[in-house]
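The basis for the numbers below is simple: all heavy atoms, side chains too, and nothing from hydrogens, waters or symmetry mates.
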Amino acid sequence: MSQLALGAASLVTRRTGHKAVVVGATDFTFPGAMVVGDELNVYARVERTGRTSMTVVTRGLGRARASEDEVEVARGTFTFVTLDEHDRPRPIEEAAVPARAKA
């Protein structure tokens with residue numbers, strides 16, 4: 001679950017250019033299993049964008065060390081709130097484009 005949260009947080013931060021915190025986590029299932037040495041790939045997509053929040057759906061696919069076959073091992077949904085420099089909720093509209101990309 002924590003690896004899915006890290007993947008989702010990375011997406012939110014790249015989209016907004018600002019810090020974000022998890023405020024909710026739902027709909028978790030763990031349909032597969034992994035063993036030590038397996039590789040986990042996390043895929044995330046934005047499901048919904050609110051005024052200060054973003055909901056991200058994640059999937060974790062496991063791959064055995066000596067295989068190319070992947071199996072879904074986890075999935076879940078996270079809600080994040082973006083924060084300003086004072087750690088207060090920041091409207092997403094203001095943070096939609098990272099500062100380095102602004103003209």
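Taking 4.5 Å as the limit, some side-chain heavy atom of Phe28 sits within range of a side-chain heavy atom of Met1. Side chains of Tyr43 and Thr58 form no contact here, defined as non-hydrogen atoms less than 4.5 Å apart. Under the 4.5 Å side-chain criterion, counting only non-hydrogen atoms from C-beta, Phe30 is not in contact with Val73. Residues Arg48 and Met54 form no side-chain contact, since every pair of their non-hydrogen atoms from C-beta on lies 4.5 Å or further apart.
Note on Glu72 versus Arg59: salt bridge recorded, some NZ/NE/NH1/NH2 to OD/OE distance being below 4.0 Å. One finds no salt bridge joining Asp84 and Lys19 here, because no Lys/Arg side-chain nitrogen approaches an Asp/Glu carboxylate oxygen to under 4.0 Å.
In this structure, a donor-acceptor pair under 3.5 Å is absent between the side chains of Arg90 and Thr82. Side-chain contact, Ser67 with Arg63: no donor N or O sits under 3.5 Å from an acceptor N or O.
Between Gly62 and Leu40, the closest heavy-atom pair is N-CD1, 4.5 Å. Annotation for Ala44 and Gly7: closest pair CB-O, 4.4 Å, computed over non-hydrogen atoms. Here the shortest heavy-atom pairing between Ala20 and Val12 reads CB-CG1, 3.6 Å. Across all their heavy atoms, Ile92 and Gly50 have their closest contact at CG1-O, 3.6 Å.
Rounded to the nearest 0.5 angstrom, Leu61 CG and Asn41 CG are separated by 6.5 Å. The CZ atom of Arg45 sits 11.0 Å away from the OG1 atom of Thr55 when rounded to the nearest 0.5 Å. Between the CD atom of Glu70 and the CG atom of Asp38 there is a distance of 11.0 Å, given to the nearest 0.5 Å. How far NE2 of His18 is from CZ of Phe80: 16.0 Å, rounded to the nearest 0.5 Å.
The side chain to side chain contact (heavy atoms under 4.5 Å, CB included) test with Thr79 singles out one residue from Val22, Val56, Val23, and that residue is Val23.
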(request) Could you go through the side-chain contact (heavy atoms from CB on, under 4.5 Å) check for Arg15 and Val46 one step at a time? (result) CA-CA 10 Å; Arg15 287 276 176 100; Val46 175; 3.3 Å; yes

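At distances below 3.5 Å, not a single donor-acceptor pair connects side-chain atoms of Ser10 with backbone N or O atoms of Leu6.
Leu4 and Val71 fall within a single hydrophobic cluster, where Ile, Leu, Val, Met, Phe, Trp and Tyr are joined by side-chain heavy atoms under 4.5 Å apart, directly or via other members.
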